[in-house]
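Some notes on the structure that comes next.
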Amino acid sequence: MYSRYGSADPVPHRMNLIRRAAKSARYMALPALGAATAAIVSSMSRVAGPLVIREGVDKGIVPQDTSVITNVALIFGGILVAQYVSTRITLYMVAWLGERFMMDLRNQVYSHVLRMDMAFFGRTKTGVLVSRLTADIESLQVFATEGVISVVGSTLMVTGVSVALFVIDPFLAMIVMLLMPILVAISIHFGRRSGQAYRQVRSQVGRVLGALQENISGVREVQANAQELRQEERFGAIDQTYYQKGMAAAKTVVRYFPQVDTLRVVGLVLVLLIGGNRVLDGEMSLGSMIAFLLYLNWFFEPIVQLANIYNLLQGALAALYKLYGLMDEEPAIQEALETTPLAPEVDGRIRVDRLTFGYSPDEPIITDLNLSIPSGQRVAVVGATGSGKSTLVRLIARFYDPQNGGVSLDGIDLRKLSFADLRRAVALVPQEGFLFEDSLRFNLSFGRGEMSDEEVWEACRAMGIAEWVESLPEGLDTPMRERGNRLSSGERQLVALARALAVDPAIVILDEATSNLDPGTESQIEDALESLLAGRTSIVVAHRLRTARRADRVLVMEGGRVVEDGTYDDLAGRGGHFAELIHTWESSEQRV
């Protein structure tokens with residue numbers, strides 16, 4: 001287990017990590033002190049057992065004194081009770097400390113990730129973030145709940161048993177200690193070899209999981225092309241490599257533990273040989289001999305655990321390093337220390353002033369853009385792929401901040417608004433409506449949090465989906481599967497639009513919200529949009545002709561600039577960029 005959760009990742013400033021973790025958990029200092037005290041009592045109770053047995057043998061059994069035997073039995077029973085109670089307290093307290101620390105850390109990391117900017121999610125793989133909150137947390141959790149017990153318990157046992165051995169018979173204890181360097185050496189060697197072997201196993205696990213995810217996600221493609229056998233062979237090769245790595249790791253275990261058992265037997269033989277003669281010569285009592293043999297069995301196991309706990313500690317420190325590194329990354333989009341409040345009734349005026357932006361500062365996508373959108377105007381933004389349409393609306397929603405210039409709402413720079421005011425005023429509906437794995441009610445009210453059923457039904461009626469919701473098996477309580485895949489694309493988008501309407505924003509941004517829909521569903525969505533956009537400032541990234549025709553104003557973008565600006569009919573008659581787009585759209589619709 002210790003090897004499986006190890007790590008080969010370099011971990012700088014280890015003590016700083018430990019101090020930071022201890023500082024963040026200082027509110028648990030009192031329970032930790034209680035757990036340490038219970039662990040000491042548990043270990044010392046166990047160590048005291050053979051010494052009590054020695055007294056019972058030497059002063060009770062040998063001289064045949066029943067009163068001593070009775071007293072020793074009572075004392076031994078008391079020790080067992082103390083050991084039982086203190087061990088239970090130790091295990092519970094350590095488990096509580098570990099689980100509580102992991103829960104708090106997991107919540108802190110999750111909360112931090114939710115507040116990161118879109119650029120962060122653009123450059124960070126989702127799998128990496130999931131790994132931080134699962135595999136790295138699990139590595140820490142194993143150390144916190146099991147490794148800590150092993151470290152504390154093993155250290156106390158090694159110390160206590162070593163002292164007891166020297167108390168009983170210093171000469172025999174010195175002979176046993178001669179085996180210590182050999183045991184430590186083979187344990188360290190095992191720790192390194194097994195850690196390397198299990199790192200290869202963990203690496204191969206990632207390939208196995210990746211192959212499984214790919215093939216299960218693409219099972220329709222596999223079956224449609226009759227490639228089941230080919231994919232079975234590919235997965236079989238990956239699985240075979242996993243098997244080979246696992247067996248290589250198992251061989252390190254097969255070599256190590258028989259060596260430890262051999263050393264333990266050698267120790268027992270030496271004690272029996274030398275200690276037995278000392279008993280016969282009267283230099284050592286029979287009780288001392290029995291106690292020494294009991295201690296010897298306890299002597300090897302904690303040393304093995306301490307030598308191999310290194311891998312577990314390495315894994316925990318590597319996980320801490322990654323998690324703290326993630327938490328130290330500051331979001332590029334931050335709320336101003338002193339914000340300017342929006343008026344309760346937002347007018348919805350938008351102004352873009354000399355805006356320059358690029359996802360990489362050296363490669364600007366939008367350059368020196370100026371734009372003014374009055375309150376209540378419906379604007380369609382069109383252009384070829386890569387012209388900057390989606391980038392512009394993301395800047396207006398403040399998912400990104402420009403390198404130069406700015407965007408203002410009702411005369412206030414977006415960077416001076418609180419996030420609460422900005423999200424209250426601006427709603428963005430993306431290309432594909434995302435639904436959470438919860439009830440339909442939860443998804444409809446997501447933008448506002450708490451909503452009464454009547455308010456939810458009002459939004460449904462306004463979007464024209466009330467009858468559809470009533471027809472569902474459980475109405476508003478109908479559970480949505482992962483990503484809402486129990487609904488069609490059109491139904492998911494209708495829910496997303498109703499969710500935006502429930503927020504009652506002054507500005508609505510639609511980022512190609514109908515581009516993935518069939519014509520019939522698109523017509524239904526377009527009708528719903530009339531309810532959502534009525535009386536509101538709206539910016540629609542238009543992918544189709546119908547969307548642009550319904551706009552009050554059309555902006556044609558190319559190379560990060562607005563190259564044409566006017567009404568649909570005006571631009572269509574100019575014979576410029578927009579006229580070419582209309583021709584392309586019409587040709588596409590005729591082919592459909």
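- Between L355 and L395 the shortest side-chain heavy-atom distance falls below 4.5 Å.
- Side-chain contact check for L140 versus L320: some heavy-atom pair is nearer than 4.5 Å.
- Looking at M463 and W468, their side chains never come closer than 4.5 Å, going by heavy atoms from C-beta outward.
- Looking only at side-chain heavy atoms (C-beta outward), L501 and V508 stay at 4.5 Å or farther from each other.
- M557 is not listed as a side-chain neighbour of V382, based on a closest heavy-atom distance of 4.5 Å or more.
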* Are D511 and R394 close enough, and set up right, to give a side chain to side chain contact (heavy atoms under 4.5 Å, CB included), and what steps lead you there? -> CA-CA 9 Å; D511 189 1; R394 290 168 189 167; 4.0 Å; yes

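- Heavy atoms only, all atoms of each residue included: A144 and M102 are closest at CB-CE, 4.4 Å.
- Closest approach of Y110 to L133, counting heavy atoms only: N-CD2, 4.1 Å.
- In this structure, E454 pairs ionically with R461, as a charged nitrogen and a carboxylate oxygen lie closer than 4.0 Å.
- Residues L326 and L129 have side chains in contact (heavy-atom distance under 4.5 Å, counting atoms from C-beta outward).
- Annotation: the span from R100 atom CZ to L105 atom CG amounts to 12.5 Å, rounded to 0.5 Å.
- Residues F399 and V393 have side chains not in contact (no heavy-atom distance under 4.5 Å, counting atoms from C-beta outward).
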Donor-acceptor contacts under 3.5 Å from residues 20-36 side chains, at least two apart:
| unit_1 | atom_1 | unit_2 | atom_2 | d |
| --- | --- | --- | --- | --- |
| R20 | NH1 | D328 | OD1 | 3.3 |
| R20 | NH1 | D328 | OD2 | 2.9 |
| R20 | NH2 | D328 | OD1 | 2.8 |
| S24 | OG | R20 | O | 3.4 |
| S24 | OG | A21 | O | 2.8 |
| R26 | NH1 | K23 | O | 2.9 |
| Y27 | OH | D104 | OD2 | 2.1 |

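- Formation of a donor-acceptor pair under 3.5 Å by the E564 side chain with backbone atoms of F578 is found in this model.
- Counted by atom type alone, S408 and D413 present zero donor-acceptor pairs between their side chains at under 3.5 Å.
- Residues passing the side-chain contact (heavy atoms from CB on, under 4.5 Å) test with E474 are D477, T478, P479, sequence neighbours excluded.
- Every residue two or more places apart in sequence or in another chain that forms a salt bridge (Lys or Arg N to Asp or Glu O under 4.0 Å) with E329 is listed here: R123.
- Across H112 and P331, no two heavy atoms sit closer than the pair CE1-CD, 4.4 Å.
- Of all non-hydrogen atoms in G376 and T537, the two that sit nearest each other are N-OG1, 2.8 Å.
- Scored by the ring-ring contact (aromatic ring centres under 6.0 Å, His included) test, F143 finds no partners at all (sequence neighbours excluded).
- Judged purely by atom type and a 3.5 angstrom limit, E335 has no side-chain atom pairing as donor or acceptor with the backbone of S418.
- Distance alone, capped at 3.5 Å, is enough to place a donor-acceptor pair between the Q493 side chain and the P430 backbone.
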* To do: Just do the side chain to side chain contact (heavy atoms under 4.5 Å, CB included) check on I509 and V429 with the steps written out, would you?
  => CA-CA 6 Å; I509 299 175; V429 180; over 6 Å; no

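- The local environment of CZ in F121 is crowded, with over 12 non-hydrogen atoms from other residues, nucleotides or ligands closer than 6.0 Å.
- Of the possible donor and acceptor atoms, none in the side chain of N404 sits under 3.5 Å from a partner among the backbone N and O of T356.
- Taking F446 as the reference, F436, F442 meet the ring-ring contact (aromatic ring centres under 6.0 Å, His included) condition, with sequence neighbours excluded.
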* Asked: Could you walk me through whether D421 and I412 pass the side chain to side chain contact (heavy atoms under 4.5 Å, CB included) check?
  -> CA-CA 11 Å; D421 273 355; I412 304 172; over 6 Å; no

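- Legend: residues meeting ring-ring contact (aromatic ring centres under 6.0 Å, His included) with Y400, ordered by chain and number and at least two apart, are F357, Y359.
- Separating the CG atom in L533 from the CG atom in L497 is a distance of 8.5 Å, to the nearest 0.5 Å.
- A donor-acceptor pair is defined here as one N or O able to donate and one able to accept, closer than 3.5 Å; no such pair exists between the side chain of D353 and the backbone of G406.
- Remark: E363 CD is loosely packed, at most 12 non-hydrogen atoms of other residues, nucleotides or ligands lying under 6.0 Å away.
- Shown here are the side-chain hydrogen bond (donor to acceptor under 3.5 Å, both in side chains) partners of D504, two or more places apart in sequence or in another chain: R536.
- D401 is linked by a salt bridge (Lys or Arg N to Asp or Glu O under 4.0 Å) to R398, counting only residues two or more places apart in sequence or in another chain.
- Of the possible polar contacts, one joining the K389 side chain to the G383 backbone as a donor-acceptor pair under 3.5 Å is found.
- Evaluation of the side chain to side chain donor-acceptor pair (under 3.5 Å) test over residues 340-352, restricted to residues two or more places apart or in two chains, returns D347-R349, D347-S375.
- Annotation: the span from M103 atom CE to R106 atom CZ amounts to 9.0 Å, rounded to 0.5 Å.
- Note that the CD1 atom of I365 and the OG1 atom of T391 stand 4.5 Å from one another [nearest 0.5 Å].
- Under the side-chain contact (heavy atoms from CB on, under 4.5 Å) criterion, V379 pairs with I373, Q377, V381, R553, L555, sequence neighbours left out.
- With sequence neighbours left out, R561 forms a salt bridge (Lys or Arg N to Asp or Glu O under 4.0 Å) with no residue at all.
- One distance of note links CG of L422 with OG1 of T339; it measures 11.5 Å at 0.5 Å rounding.
- A 4.5 Å side-chain heavy-atom check between D565 and V554 finds every atom pair outside the cut-off.
- Considering CG of L417 and CZ of R423, their distance stands at 10.0 Å, rounded to 0.5 Å.
- By the side-chain contact (heavy atoms from CB on, under 4.5 Å) test, R115 pairs with S111, sequence neighbours left out.
- Taking a cutoff of 4.0 Å between a charged side-chain nitrogen and a carboxylate oxygen, D552 and R378 do not qualify as a salt bridge.
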* **Audit row: N370, R354, side chain to side chain contact (heavy atoms under 4.5 Å, CB included) steps and yes/no** => CA-CA 5 Å; N370 293 287; R354 302 182 63 182; 3.4 Å; yes

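- Closest approach of I465 and A498 over heavy atoms only: CD1-CB, 3.9 Å.
- For the residue pair L444 and M451, the shortest heavy atom distance occurs at O-SD, 4.5 Å.
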